[in-house]
Asker: 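This structure is in structure tokens; I'll ask about it shortly.
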2 protein chains.
Amino acid sequence: MRDLAKAVNLQGGSLYAHIDSKEELLFELVNRAADEFLASAEAVPVDLPARERLARLVRGHLEVVLRELGSATVFFHEWKFLSSDLQAKVKGLRDAYEAHWRRAIEDGAKRGEFQVEDVRVATLFVLSALNWTYQWYHPGGKLNLEALSKQYSNLIWKALEAR
Amino acid sequence: MRDLAKAVNLQGGSLYAHIDSKEELLFELVNRAADEFLASAEAVPVDLPARERLARLVRGHLEVVLRELGSATVFFHEWKFLSSDLQAKVKGLRDAYEAHWRRAIEDGAKRGEFQVEDVRVATLFVLSALNWTYQWYHPGGKLNLEALSKQYSNLIWKALEAR
DNA sequence: CCTACCGATCGGTAGG
DNA sequence: CCTACCGATCGGTAGG
């Protein structure tokens, strides 16, 4: 908390003129991150061909992760340390977000574009690959958002496609 | 450290009769985990067909993650807090491990079994999907190591295969 | 928003 | 391996 105070040019305790507790601050950050993921998925029209819909979800997800690498790291690592009722709120957003992905894959399967053994496992597989990006991505390298989204979309299309 | 001491029926400070520092203990755990991943990859023959080779890498990786969910979590989250020279040792093992995956995918591409735009990105994609498993897997559910390995291998085969 | 402080806990140690 | 302790740091607060 002292480091955070220093980062905004305040004395140690002065942060508490603005917030009630460390946990409130953590929740604010985590909740905001979860919200951005959800908003990016809600912006994707559901009547697109499944391939295009998935490509937009992929790009939205990676955009949030790459734009907020620091927040994403805190989000992924620290949400488990919230009290159980704050955790539940975050879980609600996360579940709503995952549902967008599950429905996109399900719809693709119904349309005959995709074919998967288990929609839940396929959804977890795809989201796992995307989430982990925060661990290895270095901004400013030659692999930008465009290039990464395109390659990941391709790999995911192939993994899910009906043959 | 007091919690750890209690867990092995010692008083707070008595742990230090066995270890030198908290960091040494963390390194021990992280290094061991990295070693187990590497050992599981080294056990896979390199002269198998690429598909089979990859399936064994997948199963080995998931076996380590599922068998040591707790250690895997600490490994993935906490290795960044080691001093830079201990970090470097862990990075060495991790790089050697990733090289096994990269070579397996490269060889598959050379044999014509696989076709990928960028081997590095494809390797990161696959390892990302596998690593994240520690976040959602619940032991004792209906999805056991066998079933998960099979489904993940299938998704990965499809993502990488030449068409 | 600062000064000055609180009790609790941290990693670790001396001496037995 | 325990007892008893160290200085540093933690999240947070009272009073201005």
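Computed from heavy atoms alone, side chains included, the values below leave out hydrogens, waters and symmetry copies. Below, chain A is the first sequence line, B the second, and so on; all start at residue 1.
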Asker: What does D:dC10 pair with, Watson-Crick or G-U, if both distances are under 3.5 Å?
Answerer: C:dG7
Asker: Measure centre to centre between the rings of A:His77 and A:Tyr134, then say whether the value is under 6.0 Å.
Answerer: yes
Asker: Expressed as a whole number of angstroms, how long is the span from B:Leu4:CG to C:dG12:C1'?
Answerer: 14 Å
Asker: Provide, to the nearest angstrom, the distance between the CZ atom belonging to A:Phe81 and the C1' atom belonging to D:dC10.
Answerer: 16 Å
Asker: Treating A:Glu113 as the side-chain partner and A:Gly108 as the backbone partner, does any N or O pair qualify as donor plus acceptor under 3.5 Å?
Answerer: no
Asker: Consider only side-chain N and O atoms of B:His61 and B:Tyr152, and report whether a donor and an acceptor are under 3.5 Å apart.
Answerer: no
Asker: Could you let me know what D:dG15 is paired to, Watson-Crick or G-U wobble, both distances under 3.5 Å, or none if it's on its own?
Answerer: C:dC2
Asker: Would a distance-only check, ignoring hydrogens and angles, find a side-chain to backbone donor-acceptor pair under 3.5 Å from A:Ser153 to A:Lys150?
Answerer: no
Asker: Figure out the CE/P separation between B:Met1 and D:dC6, and round it to whole Å.
Answerer: 21 Å
Asker: Does a side-chain N-to-carboxylate-O contact under 4.0 Å join B:Glu36 and B:Arg67?
Answerer: yes
Asker: Quick check on contacts: within residues 12-21 of chain B, what sits under 4.0 Å from DNA chain D by heavy-atom distance?
Answerer: B:Ser14, B:Ala17, B:His18
Asker: Expressed in angstrom and rounded to an integer, what is the separation of A:Lys6 atom NZ from D:dG11 atom P?
Answerer: 13 Å
Asker: Given atom CG of A:Asn9 and atom P of C:dC1, what is their separation to the nearest angstrom?
Answerer: 11 Å
Asker: For the pair made of CZ in A:Arg2 and P in C:dC6, what is the distance, rounded to whole Å?
Answerer: 14 Å
Asker: How long is the line joining CD of B:Glu24 and C1' of C:dG12, in whole Å?
Answerer: 13 Å
Asker: Any chance the rings of A:Trp132 and B:Phe76 have centres within less than 6.0 Å?
Answerer: yes
Asker: Between D:dG12 atom P and A:Gln11 atom CD, what is the distance in whole Å?
Answerer: 18 Å
